[in-house]
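The chain is numbered in sequence order, starting from 1.
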Amino acid sequence: MKHAFAAGVLLAIAPHAAFAEDICVTAASDTWQTEDAVKVHAADLGFEVSNLKTEDGCYEVYATDTVGTRLEVFFHPVTFKIHKIKVDS
């Protein structure tokens, strides 16, 4: 059931995500939005954020969805467009 819900979330978000394996952005870090802002944005999308770091030019948000599925969501640091989503097993 958890995976079915996660699949539904991914399908809903997928049109907004670029599932390429390359970096998010090469923009200067002073143009990035704040970590607090990405946490608020992730929460607005229904994710419960447990941790956040930067990786390959992305904000990497460790979160759970509403049924407890653990996810890694990669956000563009300027636009907050979802770059990719990984479902943790």
(message) Let me confirm one number: the CG-CG distance from Leu52 to Asp36, rounded to the nearest 0.5 Å.
(response) 9.0 Å

(message) Could you measure the distance from the CD atom of Glu55 to the CD atom of Glu72? Nearest 0.5 Å is fine.
(response) 7.5 Å

(request) List the atom of Thr31, the atom of Val78, and the distance in Å for their closest heavy-atom pair. (result) O-CG2, 3.7 Å

(message) Just checking Glu48: does its CD atom have more than 12 heavy atoms from other residues, nucleotides or ligands closer to it than 6.0 angstrom?
(response) no

(request) Indicate yes or no: at least one non-hydrogen side-chain atom of Val87 is less than 4.5 angstrom from one of Thr69. (result) yes

(message) Quick check: closest heavy atoms across Phe80 and Thr34, and the distance to 0.1 Å?
(response) CZ-O, 4.2 Å

(request) Give the minimum heavy-atom separation between Cys58 and Pro77, together with the two atoms involved. (result) CA-CD, 4.4 Å

(request) Could you note down all residue pairs passing ring pair (Phe, Tyr, Trp, His ring centres under 6.0 Å) where residues 50-74 supplies at least one of them, sequence neighbours left out? (result) Trp32-Tyr59

(message) Please report the interatomic distance CG(Asp44) to NE2(His41), rounded to the nearest 0.5 Å.
(response) 7.5 Å

(message) Taking the side chain as everything from C-beta on, heavy atoms only, tell me whether Val61 gets closer than 4.5 Å to Leu71.
(response) no

(request) Rounded to the nearest 0.5 Å, what's the gap from NZ on Lys86 to CZ on Arg70? Could you check? (result) 13.0 Å

(request) Check the pair Phe75, Lys81 against side-chain contact (heavy atoms from CB on, under 4.5 Å), reporting the backbone distance first and the verdict last. (result) CA-CA 6 Å; Phe75 289 93; Lys81 181 176 180 182; over 6 Å; no

(request) Locate the shortest heavy-atom distance separating Val49 from Ala42; write the atom from each residue and the value. (result) CG2-CB, 3.7 Å

